[in-house]
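Read through the structure below, which is laid out as structure tokens, and then see the notes.
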Amino acid sequence: METVRVGAVNYLNTKPLIQDLESLAEGVELVLDYPSRLADQLQGGQLEVALIPIIEYFRSGTYALVPGICIASQGPVLSVTLFSRVPWSAIRRVAMDEGSRTSAALAQVVLRHRYGVRPEIRPLALDERAENIDADAVLLIGDRAMHACLPGFAHAYDLGQEWHDWTGLPFVYAAWAVRAGVDLGPALAALHEAKKRGCANIGPIAAREAPRLGLDAGFCRRYLANIIRFDLGPREQAGLHHFYTLASELGVAQRGVEGEYYQQTRGLEAVR
């Protein structure tokens, strides 16, 4: 049996989606890396399927999404935060976490479409201290965002909350994307079973991961159980559609991408 290389982020919010994954199907090899690197590896053919930033799905236009699974929020997300020294309207320079692509695109959509500002964008290296950054605002994601305090920044804007307050829709940050021509075989059922097991074991996952992250186990459990959503349902698809429309208008996603779900009829429930 050919190996199916599955890429996922080593963040707290991915753990329920990869619970027991490698043991659920023969030939599944799990690769953990940063979201931006996973996107590059999927594009380069080093992975067959990966939990990639959703903006990379729209930028590629060649992947199929595994139906029913995602990482999303409806309201605050806690792990995508724009720390700012000034209010939204006064932001002129933003440093964005290099590990982020979808959240960076979301920040630009909110800045430009909602608040009408076009700041200069610069990268924030993964090993660079956000506290010392020469910028009005800094975007942090994942476990890094949940740890950060940044007392020198007067504002901490949760981008999940900003999106929901503005649109009333959930926001989808990542989903399983499959390269064109790839046959997942039993790995497809393994992805769904891993999600099922993970969502049934949020407490044990939180207890296991909290010490590694230096976070409170109760906080981790509430985050996974009450903040993050793992179902890619109709509301999440509506959020995807709206985000894609806004992102493509800004040129951060290519136009004319036809949404496709793995092993579903092309164009069915398409994201446009």
Side-chain angles (χ1 to χ4, degrees), residues 6-23 30-39 41 50-54 69-83 95-104 106-107 123-133 138-153 155-161 171-176 191 194-231:
V6 180
V9 186
N10 195 22
Y11 290 160
L12 175 62
N13 59 19
T14 67
K15 297 303 180 179
L17 296 184
I18 57 175
Q19 180 77 5
D20 301 330
L21 181 60
E22 287 184 295
S23 67
L30 182 62
V31 177
L32 299 177
D33 211 329
Y34 291 105
S36 54
R37 292 175 183 170
L38 293 174
Q41 291 166 23
L51 191 63
I52 63 169
I54 203 65
I69 308 175
C70 71
I71 294 177
S73 70
Q74 181 163 298
V77 66
L78 307 184
S79 52
V80 181
T81 303
L82 185 75
F83 292 91
M96 300 210 180
D97 194 322
E98 269 191 341
S100 161
R101 291 189 180 174
T102 291
S103 299
L106 173 59
L124 176 72
L126 296 171
D127 59 355
E128 189 173 2
R129 289 180 60 85
E131 295 87 342
N132 303 329
I133 203 72
V138 57
L139 175 70
L140 298 180
I141 69 164
D143 303 337
R144 190 181 190 186
M146 290 194 289
H147 276 100
C149 178
L150 305 193
F153 290 73
H155 309 276
Y157 298 116
D158 185 305
L159 292 194
Q161 186 70 63
F171 189 83
V172 176
Y173 302 90
W176 290 116
L191 292 174
K195 173 197 168 187
K196 181 180 176 181
R197 292 189 183 192
C199 290
N201 287 279
I202 292 297
I205 291 172
R208 181 188 72 216
E209 296 297 321
R212 179 181 69 85
L213 298 171
L215 294 171
D216 176 74
F219 167 81
C220 292
R221 179 169 187 156
R222 290 188 296 274
Y223 172 72
L224 293 175
N226 302 326
I227 300 295
I228 298 300
R229 301 160 71 97
F230 298 105
D231 294 329

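For this chain, numbers begin at 1 and follow the sequence in order.
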With side-chain contact (heavy atoms from CB on, under 4.5 Å) as the test, would you mind laying out the steps for D97 and Y34 before giving the verdict?
-> CA-CA 11 Å; D97 194 322; Y34 291 105; over 6 Å; no
Give the table of side-chain donor-acceptor pairs shorter than 3.5 Å for residues 206-219, with sequence neighbours excluded, one pair per line with atom names and distance.
unit_1 : atom_1 : unit_2 : atom_2 : d
E209   : OE1    : R212   : NE     : 2.8
E209   : OE1    : R212   : NH2    : 2.7
D216   : OD2    : G218   : N      : 3.0
D216   : OD2    : F219   : N      : 2.9

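You'll find the side chain of V77 stays beyond 4.5 Å of the side chain of L159, heavy atoms only. Side-chain contact between L139 and L124 is absent, with no heavy-atom pair separated by less than 4.5 Å.
Summarising the geometry of W176 relative to G7, their closest heavy-atom pair is CZ3-O, 3.3 Å, with the distance given to 0.1 Å. Closest approach of L106 and F171 over heavy atoms only: CD1-CE1, 3.7 Å. The shortest heavy-atom contact between S73 and R229 is C-CD, 3.8 Å. Shown here for R101 and A39, the closest heavy-atom pair between the two residues is NH1-CB, 3.8 Å. Across L38 and A8, no two heavy atoms sit closer than the pair CD1-C, 3.3 Å. For L12 against Y223, the heavy-atom pair with the smallest separation is CD2-CD2, 3.6 Å.
Remark: side-chain polar atoms of D20 are not paired, donor with acceptor, to backbone N or O of A194 under 3.5 angstrom. The main-chain N or O of Q161 is found under 3.5 Å from a side-chain atom of D158 such that the two form a donor-acceptor pair. Side chain of E22 to main chain of L30: a donor-acceptor pair is present (N/O by atom type, distance under 3.5 Å, no hydrogens or angles).
Distance check, rounded to the nearest 0.5 Å: CD1 of I202 to NZ of K15 gives 12.5 Å. Note: I71 CD1 to D231 CG = 12.5 Å, rounded to the nearest 0.5 Å. Distance check, rounded to the nearest 0.5 Å: CG of L17 to SG of C199 gives 6.5 Å. Separating the CD1 atom in I205 from the SG atom in C220 is a distance of 11.0 Å, to the nearest 0.5 Å. Remark: L51 CG to I18 CD1 distance equals 8.5 Å, nearest 0.5 Å. In this structure, OG1 on T81 lies 9.0 Å from CG on L150, to the nearest 0.5 angstrom.
For the residue pair Q41 / D33, a side-chain donor-acceptor distance below 3.5 Å is found, with atom types taken as modelled. No donor-acceptor contact under 3.5 angstrom links the side chains of S79 and Y173, judged on distance only.
Considering T102, V9, I141 in turn, T102 is the only one that fulfils the side chain to side chain contact (heavy atoms under 4.5 Å, CB included) rule with P53.
By the neighbour-count criterion of 12 heavy atoms within 6.0 Å, atom CZ of R144 is densely surrounded, having more than that number from other residues, nucleotides or ligands.
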